[in-house]
Amino acid sequence: MTERAVIDLKPEDLVQDADASVLSTIQYPHKFELAAKFYERSSDVLTSLHVDDQLLLYSLHQQASVGPCNTPSPHLWNRVERAKWDVWKQLGQRK
């Protein structure tokens, strides 16, 4: 995928088969640009993405807007918040 194609990519373009992950083929910083697009607009498309892609977009957005994860981990029984925290924490000190 070319740099121009990534910039012009719309959230609707990411909806594919459940087994396919377009985001895994896109490099940084273009991943952040896509994450920012998703969080700047309210879209039903986000919920139609694979859960792994949703978590990746969330973690990239948090990393870019807040920085490295330095919050305490949520309790294990809060599975959604814990999954979001785990993915964000895995990004480490990336800038």
Side-chain angles (χ1 to χ4, degrees):
M1 188 171 284
T2 67
E3 180 176 330
R4 184 80 233 150
V6 169
I7 293 170
D8 293 336
L9 197 60
K10 296 187 243 20
E12 302 81 33
D13 298 334
L14 296 176
V15 178
Q16 294 194 355
D17 297 329
D19 295 330
S21 177
V22 173
L23 291 176
S24 65
T25 64
I26 301 171
Q27 301 300 312
Y28 298 98
H30 303 299
K31 280 187 181 179
F32 170 71
E33 292 168 7
L34 282 174
K37 282 183 183 180
F38 269 89
Y39 281 88
E40 286 172 1
R41 56 175 110 151
S42 176
S43 174
D44 293 333
V45 174
L46 182 60
T47 58
S48 66
L49 289 175
H50 190 274
V51 172
D52 292 341
D53 290 336
Q54 290 179 38
L55 288 170
L56 176 60
L57 288 171
Y58 169 81
S59 66
L60 291 169
H61 182 264
Q62 287 298 101
Q63 186 82 359
S65 59
V66 177
C69 180
N70 60 2
T71 60
S73 65
H75 293 286
L76 288 174
W77 61 79
N78 191 346
R79 294 186 339 200
V80 172
E81 292 303 313
R82 181 58 187 245
K84 289 165 53 176
W85 184 88
D86 284 340
V87 174
W88 181 20
K89 187 74 171 175
Q90 288 173 5
L91 289 178
Q93 297 297 320
R94 283 189 191 178
K95 295 187 184 218

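What you are looking at is a predicted structure, and each value in this text was computed from that prediction instead of being measured. Reckoned from all heavy atoms, side chains included, excluding hydrogens, waters and symmetry mates.
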Inset, instruction - Check whether any side-chain N or O of Trp88 sits under 3.5 Å from a backbone N or O of Asn70 as a donor-acceptor pair, and report yes or no. - result: no
Inset, instruction - Using atom types as modelled and distance alone, determine if a side-chain donor or acceptor of His50 lies under 3.5 Å from a backbone N or O of Asp52. - result: yes
Legend entry - For Ser73 against Arg82, the heavy-atom pair lying closest together: OG-NH1, 3.7 Å
Inset, instruction - Compare every heavy atom of Pro68 with every heavy atom of Gly92, then report the nearest pair and how far apart it is. - result: O-CB, 3.4 Å
Inset, instruction - Answer with yes or no whether the hydrophobic clustering places Val51 together with Val87; edges join I, L, V, M, F, W, Y residues whose side-chain heavy atoms lie under 4.5 Å apart. - result: yes
Pairwise distance [atom1]([X]) to [atom2]([Y]) - rounded to 0.5 angstrom:
| X | Y | atom1 | atom2 | answer |
| --- | --- | --- | --- | --- |
| Gln90 | Trp85 | CD | CH2 | 9.5 Å |
| Leu55 | Leu60 | CG | CG | 11.0 Å |
| Lys89 | Gln63 | NZ | CD | 10.0 Å |

